[in-house]
Amino acid sequence: MTAITWARAKLFNGIANSIVTLVAAAILFKIAYGLIGWLFVRGVFSGGLDACNAAEGQGACWPFIGNWWRFVLFGRFPYDEQARPALACLIFIALLAASCWRRLWWSKLAALWVTGFVAIGILMFGGIFDLSYVPTENWGGLPLTIVIAAVSLIGAFPLGILLALARRSNLPILRALSVVDIELIRGVPLISVLFMASVMIPLLFPIGFSVNKLLR
(Lines give C-alpha, C1' and ligand atoms only; values in the text may rest on other atoms or scores of the structure.)
Protein backbone atom coordinates (compact mmCIF):
# COMPACT_ATOMS: atom_id res chain seq x y z
CA MET A 1 0.00 0.00 0.00
CA THR A 2 1.46 3.35 -1.07
CA ALA A 3 1.30 6.50 1.06
CA ILE A 4 -1.40 7.99 -1.19
CA THR A 5 -3.52 4.84 -1.01
CA TRP A 6 -3.15 4.70 2.78
CA ALA A 7 -4.10 8.40 3.10
CA ARG A 8 -7.22 7.90 0.98
CA ALA A 9 -8.24 4.86 2.99
CA LYS A 10 -7.52 6.24 6.44
CA LEU A 11 -7.69 10.04 6.26
CA PHE A 12 -9.94 10.93 3.31
CA ASN A 13 -12.45 8.07 3.20
CA GLY A 14 -15.46 10.34 3.63
CA ILE A 15 -16.58 13.94 3.89
CA ALA A 16 -16.50 14.09 7.69
CA ASN A 17 -13.16 12.30 7.93
CA SER A 18 -11.66 14.58 5.27
CA ILE A 19 -12.82 17.70 7.13
CA VAL A 20 -11.34 16.43 10.40
CA THR A 21 -8.07 15.62 8.62
CA LEU A 22 -7.84 19.07 7.03
CA VAL A 23 -8.68 20.87 10.28
CA ALA A 24 -6.13 18.82 12.21
CA ALA A 25 -3.50 19.47 9.52
CA ALA A 26 -4.22 23.22 9.63
CA ILE A 27 -3.87 23.26 13.43
CA LEU A 28 -0.62 21.31 13.32
CA PHE A 29 0.74 23.59 10.58
CA LYS A 30 -0.11 26.68 12.63
CA ILE A 31 1.57 25.25 15.73
CA ALA A 32 4.67 24.19 13.77
CA TYR A 33 4.86 27.54 11.96
CA GLY A 34 4.68 29.48 15.22
CA LEU A 35 7.15 27.18 16.97
CA ILE A 36 9.72 27.38 14.16
CA GLY A 37 9.35 31.14 14.04
CA TRP A 38 9.82 31.44 17.82
CA LEU A 39 12.77 29.04 17.93
CA PHE A 40 14.73 30.06 14.85
CA VAL A 41 13.34 33.04 12.92
CA ARG A 42 12.90 35.40 15.90
CA GLY A 43 15.28 33.59 18.24
CA VAL A 44 18.33 35.28 19.73
CA PHE A 45 21.52 33.31 19.06
CA SER A 46 24.28 35.67 20.21
CA GLY A 47 24.92 38.67 22.38
CA GLY A 48 24.39 37.03 25.74
CA LEU A 49 21.47 37.42 28.11
CA ASP A 50 21.47 41.20 27.63
CA ALA A 51 20.51 40.69 23.99
CA CYS A 52 17.65 38.41 25.10
CA ASN A 53 16.40 41.03 27.55
CA ALA A 54 16.54 43.67 24.82
CA ALA A 55 14.48 41.42 22.53
CA GLU A 56 12.10 40.24 25.26
CA GLY A 57 9.08 38.45 23.88
CA GLN A 58 10.50 38.18 20.36
CA GLY A 59 11.82 34.64 20.33
CA ALA A 60 13.81 31.90 22.05
CA CYS A 61 16.84 32.92 24.10
CA TRP A 62 19.52 30.47 22.96
CA PRO A 63 22.35 32.16 24.93
CA PHE A 64 20.46 31.15 28.09
CA ILE A 65 20.76 27.50 27.03
CA GLY A 66 24.45 28.01 26.32
CA ASN A 67 25.05 29.50 29.76
CA TRP A 68 22.82 27.21 31.81
CA TRP A 69 22.68 23.88 29.99
CA ARG A 70 24.80 22.18 32.64
CA PHE A 71 22.51 23.40 35.42
CA VAL A 72 19.45 22.30 33.44
CA LEU A 73 20.90 18.81 32.91
CA PHE A 74 22.68 18.21 36.22
CA GLY A 75 21.23 20.66 38.74
CA ARG A 76 23.55 21.54 41.63
CA PHE A 77 25.78 18.51 41.16
CA PRO A 78 29.40 19.72 41.60
CA TYR A 79 30.59 21.28 38.36
CA ASP A 80 33.88 19.37 38.22
CA GLU A 81 32.10 16.06 38.86
CA GLN A 82 29.35 16.32 36.25
CA ALA A 83 30.92 13.63 34.10
CA ARG A 84 29.60 11.18 36.70
CA PRO A 85 25.87 11.91 36.25
CA ALA A 86 26.43 12.06 32.48
CA LEU A 87 27.93 8.55 32.59
CA ALA A 88 25.03 7.42 34.80
CA CYS A 89 22.58 8.59 32.13
CA LEU A 90 24.51 6.68 29.45
CA ILE A 91 24.41 3.53 31.59
CA PHE A 92 20.65 3.85 31.92
CA ILE A 93 20.26 4.32 28.15
CA ALA A 94 22.40 1.21 27.62
CA LEU A 95 20.17 -0.74 30.03
CA LEU A 96 17.09 0.33 28.09
CA ALA A 97 18.73 -0.74 24.83
CA ALA A 98 19.68 -4.12 26.35
CA SER A 99 16.08 -4.57 27.53
CA CYS A 100 14.96 -4.53 23.88
CA TRP A 101 17.14 -7.57 23.09
CA ARG A 102 15.06 -10.71 23.66
CA ARG A 103 18.12 -12.94 24.19
CA LEU A 104 18.92 -11.06 27.41
CA TRP A 105 15.47 -11.35 28.95
CA TRP A 106 14.93 -12.96 32.35
CA SER A 107 17.99 -13.72 34.54
CA LYS A 108 20.64 -12.06 32.35
CA LEU A 109 18.64 -8.87 32.03
CA ALA A 110 17.89 -8.78 35.76
CA ALA A 111 21.61 -9.14 36.50
CA LEU A 112 22.37 -6.33 34.08
CA TRP A 113 19.85 -4.01 35.73
CA VAL A 114 21.13 -4.79 39.23
CA THR A 115 24.71 -4.18 38.11
CA GLY A 116 23.70 -1.01 36.29
CA PHE A 117 21.84 0.38 39.31
CA VAL A 118 24.84 -0.35 41.53
CA ALA A 119 27.11 1.49 39.08
CA ILE A 120 24.66 4.42 38.86
CA GLY A 121 24.47 4.58 42.66
CA ILE A 122 28.26 4.63 42.96
CA LEU A 123 28.54 7.37 40.35
CA MET A 124 25.82 9.52 41.86
CA PHE A 125 26.64 9.10 45.56
CA GLY A 126 30.41 8.63 45.39
CA GLY A 127 32.27 8.18 48.64
CA ILE A 128 34.27 5.23 47.30
CA PHE A 129 36.90 4.67 44.61
CA ASP A 130 38.27 8.19 45.24
CA LEU A 131 34.92 9.71 44.23
CA SER A 132 33.79 12.61 46.37
CA TYR A 133 30.49 12.12 48.21
CA VAL A 134 27.55 14.08 46.76
CA PRO A 135 24.38 14.26 48.92
CA THR A 136 21.04 13.82 47.22
CA GLU A 137 20.20 17.46 47.95
CA ASN A 138 22.65 18.35 45.17
CA TRP A 139 21.17 15.95 42.64
CA GLY A 140 18.97 17.40 39.94
CA GLY A 141 18.10 17.61 36.28
CA LEU A 142 18.12 14.62 33.96
CA PRO A 143 19.92 12.06 36.21
CA LEU A 144 17.50 12.65 39.09
CA THR A 145 14.52 12.35 36.74
CA ILE A 146 15.89 9.07 35.34
CA VAL A 147 16.55 7.60 38.80
CA ILE A 148 13.07 8.48 40.09
CA ALA A 149 11.37 7.27 36.89
CA ALA A 150 13.29 3.97 36.77
CA VAL A 151 12.72 3.14 40.45
CA SER A 152 9.06 4.13 40.20
CA LEU A 153 8.40 2.04 37.09
CA ILE A 154 10.24 -1.02 38.40
CA GLY A 155 8.52 -0.80 41.77
CA ALA A 156 5.07 0.14 40.49
CA PHE A 157 4.49 -2.95 38.34
CA PRO A 158 4.74 -5.64 41.06
CA LEU A 159 3.03 -3.32 43.58
CA GLY A 160 0.17 -2.78 41.14
CA ILE A 161 -0.24 -6.53 40.66
CA LEU A 162 -0.32 -7.10 44.43
CA LEU A 163 -2.93 -4.38 44.90
CA ALA A 164 -5.04 -5.78 42.07
CA LEU A 165 -4.95 -9.25 43.61
CA ALA A 166 -5.73 -7.81 47.05
CA ARG A 167 -8.72 -5.96 45.61
CA ARG A 168 -10.15 -9.28 44.45
CA SER A 169 -9.42 -10.97 47.77
CA ASN A 170 -12.12 -12.64 49.86
CA LEU A 171 -10.72 -10.99 53.01
CA PRO A 172 -12.83 -7.84 53.64
CA ILE A 173 -10.11 -5.87 55.44
CA LEU A 174 -7.47 -6.60 52.80
CA ARG A 175 -9.90 -5.77 50.01
CA ALA A 176 -11.01 -2.53 51.69
CA LEU A 177 -7.43 -1.36 52.29
CA SER A 178 -6.44 -2.02 48.68
CA VAL A 179 -9.54 -0.23 47.36
CA VAL A 180 -8.83 2.82 49.55
CA ASP A 181 -5.19 2.92 48.45
CA ILE A 182 -6.00 2.50 44.75
CA GLU A 183 -8.80 5.06 44.67
CA LEU A 184 -6.88 7.56 46.81
CA ILE A 185 -3.71 7.44 44.73
CA ARG A 186 -5.63 7.40 41.45
CA GLY A 187 -7.87 10.29 42.49
CA VAL A 188 -5.19 12.65 43.80
CA PRO A 189 -3.07 14.69 41.34
CA LEU A 190 0.60 13.69 41.30
CA ILE A 191 1.68 17.27 42.03
CA SER A 192 -0.32 17.11 45.27
CA VAL A 193 1.45 13.91 46.30
CA LEU A 194 4.85 15.45 45.56
CA PHE A 195 3.91 18.60 47.49
CA MET A 196 2.85 16.52 50.49
CA ALA A 197 6.07 14.48 50.40
CA SER A 198 8.33 17.53 50.05
CA VAL A 199 6.64 20.11 52.27
CA MET A 200 3.85 18.74 54.46
CA ILE A 201 5.23 15.42 55.74
CA PRO A 202 8.35 17.00 57.37
CA LEU A 203 6.00 19.22 59.41
CA LEU A 204 4.53 16.09 61.01
CA PHE A 205 7.91 14.76 62.18
CA PRO A 206 9.27 15.49 65.66
CA ILE A 207 11.80 18.31 65.98
CA GLY A 208 15.27 17.12 64.98
CA PHE A 209 13.96 14.16 62.97
CA SER A 210 13.94 14.24 59.17
CA VAL A 211 13.78 11.88 56.21
CA ASN A 212 15.78 12.40 53.02
CA LYS A 213 13.72 14.32 50.45
CA LEU A 214 14.62 11.91 47.61
CA LEU A 215 13.45 8.97 49.73
CA ARG A 216 10.20 10.76 50.57
Side-chain angles (χ1 to χ4, degrees), residues 64-65 67-96 99 109-129 131-216:
F64 176 86
I65 303 298
N67 290 342
W68 291 96
W69 67 271
R70 282 199 174 205
F71 183 80
V72 172
L73 288 179
F74 305 120
R76 295 188 298 150
F77 207 92
Y79 188 88
D80 296 335
E81 303 283 343
Q82 288 179 357
R84 289 161 50 185
L87 182 57
C89 293
L90 292 178
I91 292 175
F92 183 77
I93 293 173
L95 290 174
L96 288 179
S99 301
L109 186 59
L112 277 177
W113 274 94
V114 171
T115 304
F117 267 114
V118 171
I120 291 173
I122 292 174
L123 289 170
M124 295 298 294
F125 280 105
I128 58 175
F129 303 130
L131 298 176
S132 61
Y133 173 72
V134 179
T136 56
E137 288 78 6
N138 292 338
W139 296 13
L142 182 61
L144 179 61
T145 302
I146 287 177
V147 169
I148 293 177
V151 173
S152 299
L153 289 172
I154 293 174
F157 186 72
L159 180 60
I161 293 177
L162 290 177
L163 286 171
L165 293 175
R167 189 169 187 170
R168 298 175 61 85
S169 172
N170 294 325
L171 300 176
I173 296 179
L174 184 61
R175 184 171 64 251
L177 290 175
S178 64
V179 169
V180 169
D181 183 73
I182 292 171
E183 298 302 329
L184 180 64
I185 297 300
R186 190 166 60 180
V188 176
L190 177 59
I191 188 65
S192 300
V193 178
L194 295 176
F195 178 79
M196 289 290 295
S198 299
V199 180
M200 299 303 295
I201 288 181
L203 299 177
L204 305 177
F205 292 151
I207 297 176
F209 178 81
S210 63
V211 178
N212 182 275
K213 182 182 289 188
L214 177 60
L215 181 59
R216 294 200 306 266

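Residue numbers start at 1 and run along the sequence shown. A quick note: this is a predicted structure, and the numbers were derived from the prediction, not measured.
- One distance of note links CZ of Phe117 with CZ of Phe92; it measures 6.5 Å at 0.5 Å rounding.
- Nearest approach of Trp139 to Val134, heavy atoms of both residues: NE1-O, 3.4 Å.
- Of all the heavy atoms in Ala119 and Ile91, the pair that sits closest is CB-CD1, 4.0 Å.
- Within a 6.0 Å sphere centred on CD1 of Ile173, heavy atoms belonging to other residues, nucleotides or ligands number 12 at most.
- Ile122 CD1 to Leu131 CG: the interatomic distance, rounded to the nearest 0.5 Å, is 8.5 Å.
- Separation of atoms CE (Met124) and CG (Leu214) is listed at 9.0 Å; rounding is to 0.5 Å.
- Shown here for Gln82 and Gly75, the closest heavy-atom pair between the two residues is NE2-O, 4.4 Å.
- Looking at every heavy atom in both residues, Pro202 comes nearest to Ser198 through CG-O, 3.7 Å.
- The minimum heavy-atom distance linking Pro143 with Pro85 is given by the pair CG-CB, 3.4 Å.
- Formation of a donor-acceptor pair under 3.5 Å by the Arg84 side chain with backbone atoms of Leu123 is found in this model.
- No more than 12 heavy atoms of other residues, nucleotides or ligands sit less than 6.0 Å from atom CD1 of Ile207.
- For Ile191, the CD1 atom counts as loosely surrounded, since its 6.0 Å shell holds 12 or fewer non-hydrogen atoms of other residues, nucleotides or ligands.
- We find the OG1-CG distance between Thr136 and Asn138 to be 8.5 Å, quoted to the nearest 0.5 Å.
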Task: side-chain contact (heavy atoms from CB on, under 4.5 Å) between Ile146 and Ile93, intermediate numbers included - done: CA-CA 10 Å; Ile146 287 177; Ile93 293 173; 5.7 Å; no
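- Arg76 places a side-chain N or O within 3.5 Å of a backbone atom of Glu137 that can act as its donor or acceptor partner.
- Within 6.0 Å of CZ on Phe205 lie more than 12 heavy atoms contributed by other residues, nucleotides or ligands.
- Looking at every heavy atom in both residues, Ala166 comes nearest to Leu174 through CB-CG, 3.9 Å.
- The CD1 atom of Ile148 sits 11.5 Å away from the CG atom of Leu153 when rounded to the nearest 0.5 Å.
- One distance of note links CG of Asp181 with CG of Leu162; it measures 11.5 Å at 0.5 Å rounding.
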